[in-house]
Amino acid sequence: GENVEQHPSTLSVQEGDSAVIKCTYSDSASNYFPWYKQELGKRPQLIIDIRSNVGEKKDQRIAVTLNKTAKHFSLHITETQPEDSAVYFCAASDQAGTALIFGKGTTLSVSS
Amino acid sequence: DAGVTQSPTHLIKTRGQQVTLRCSPKSGHDTVSWYQQALGQEPQFIFQYYEEEERQRGNFPDRFSGHQFPNYSSELNVNALLLGDSALYLCASSLLFGGNLAGELFFGEGSRLTVL
């Protein structure tokens, strides 16, 4: 089945710096790659997603890139702010195309 | 527009007991999935319901069962509770199109289960 690996597990940056989180997946049939932000005690919230027919997607300070050949995708956050501090999860759709397999998460800390 | 609503928000049970968690999907969504998130871990897929049938199941034992009602709401039942079942149980709703996720998987705030 699908396996998603996420790095790094923790990331500390200064306010205004960029942050990059990387994920790899194993199943070439995966076609949907969302990124979720989860604050302490809250639900995971979708921040950006990308489908397999697209290489890059941007939404203001957040961008995601996908390399299907290498089976990896990355989250880029520019001009980080303290409110960006949270746990970020990448995910990939499973072979059936409907369940999500999550990476183990990255704890991002942005200090002012 | 209400998002995904789950109840109860918190509950405490003892080993061997049974629990039922409830979920109402986001308006317009017809598919409900359940995930288990242990403390400090990632969400793990339990199962998915569509058209009142279990459509897909993750690697969870038969103690975990569910149901979907005609109004698309869903229940998760866990029998013979173990200490390791302590977790945040997340319900997520979505639409399917052509057998694939169409749009966002929208999570509820979860039900926090503690097993003593």
Side-chain angles (χ1 to χ4, degrees), chain A residues 1-10 21 23-25 27-54 57 59 62 64 75 86-108, chain B residues 2-7 9-10 23-26 29-51 53-60 66 87-112:
Chain A
E2 175 68 281
N3 182 51
V4 178
E5 294 195 359
Q6 182 172 349
H7 299 281
S9 56
T10 60
I21 304 171
C23 289
T24 60
Y25 61 99
D27 191 343
S28 56
S30 293
N31 59 13
Y32 177 60
F33 307 92
W35 286 87
Y36 284 86
K37 175 183 180 182
Q38 188 174 31
E39 297 175 351
L40 196 61
K42 300 286 188 183
R43 66 184 178 90
Q45 289 191 279
L46 181 74
I47 55 171
I48 196 166
D49 57 6
I50 192 167
R51 294 196 180 265
S52 58
N53 56 347
V54 175
K57 185 176 178 181
D59 183 5
I62 295 173
V64 58
L75 177 71
V87 179
Y88 291 80
F89 291 99
C90 65
S93 58
D94 70 344
Q95 209 167 43
T98 57
L100 293 181
I101 309 302
F102 285 81
K104 294 205 174 295
T106 296
T107 301
L108 174 65
Chain B
V4 177
T5 56
Q6 293 187 241
S7 64
T9 54
H10 296 82
C23 171
S24 291
K26 184 176 168 63
H29 284 182
D30 59 5
T31 304
V32 172
S33 302
W34 287 91
Y35 287 78
Q36 180 196 64
Q37 187 176 27
L39 195 63
Q41 304 295 313
E42 75 278 19
Q44 296 197 327
F45 175 69
I46 303 175
F47 43 52
Q48 182 183 81
Y49 278 84
Y50 174 69
E51 293 187 340
E53 303 251 337
E54 184 183 291
R55 185 178 183 276
Q56 193 178 347
R57 189 179 185 92
N59 190 25
F60 279 79
L88 180 68
Y89 287 86
L90 293 162
C91 173
S93 72
S94 59
L95 284 169
L96 294 184
F97 183 77
N100 288 293
L101 276 173
E104 176 182 351
L105 191 66
F106 197 95
F107 283 91
E109 294 290 350
S111 294
R112 171 80 57 193

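First the proteins, then the strands, lettered A, B, ... as listed; each starts at 1.
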- One should read off an interatomic distance between A:I101 CD1 and B:F45 CZ, to the nearest 0.5 angstrom, of 8.0 Å
- Message: So for B:Q48, is it side chain, backbone, both, or neither that comes closer than 4.5 Å to the heavy atoms of chain A?
- Response: side chain
- Nearest 0.5 Å, what's the CD-CG distance between A:Q38 and B:L88? 7.0 Å
- Item | Contacts of B:F107 that satisfy ring-ring contact (aromatic ring centres under 6.0 Å, His included) - sequence neighbours left out | A:Y36, B:Y35
- Item | Structural part of A:S93 lying under 4.5 Å from a heavy atom of chain B | neither
- Residues in side chain to side chain contact (heavy atoms under 4.5 Å, CB included) with B:S94, at least two apart? B:T31, B:L101, B:L105
- Message: Set out, in order, the CA-CA distance, both residues' side-chain angles and the distance that settles side chain to side chain contact (heavy atoms under 4.5 Å, CB included) for B:Q37 and A:F102, then state yes or no.
- Response: CA-CA 11 Å; B:Q37 187 176 27; A:F102 285 81; over 6 Å; no
- Do B:E42 side-chain atoms and A:G103 backbone N/O form a donor-acceptor pair below 3.5 Å? no
- Item | Proximity breakdown for B:R112 and chain A, heavy-atom pairs closer than 4.5 Å | neither
- Side-chain heavy atoms of A:R43 within contact of B:F106, under 4.5 Å: yes
- Message: So, taking the atom named CD in B:E104 and the one named CD1 in A:I48, what distance separates them when rounded to the nearest 0.5 Å?
- Response: 12.5 Å
- Report the option among A:L46, A:T107, A:V87 that has the most heavy-atom pairs separated by less than 4.5 Å from atoms of chain B. A:L46
- Which answer fits A:P34, side chain, backbone, both or neither, if we ask what part of it has an atom under 4.5 Å from a heavy atom of chain B? neither
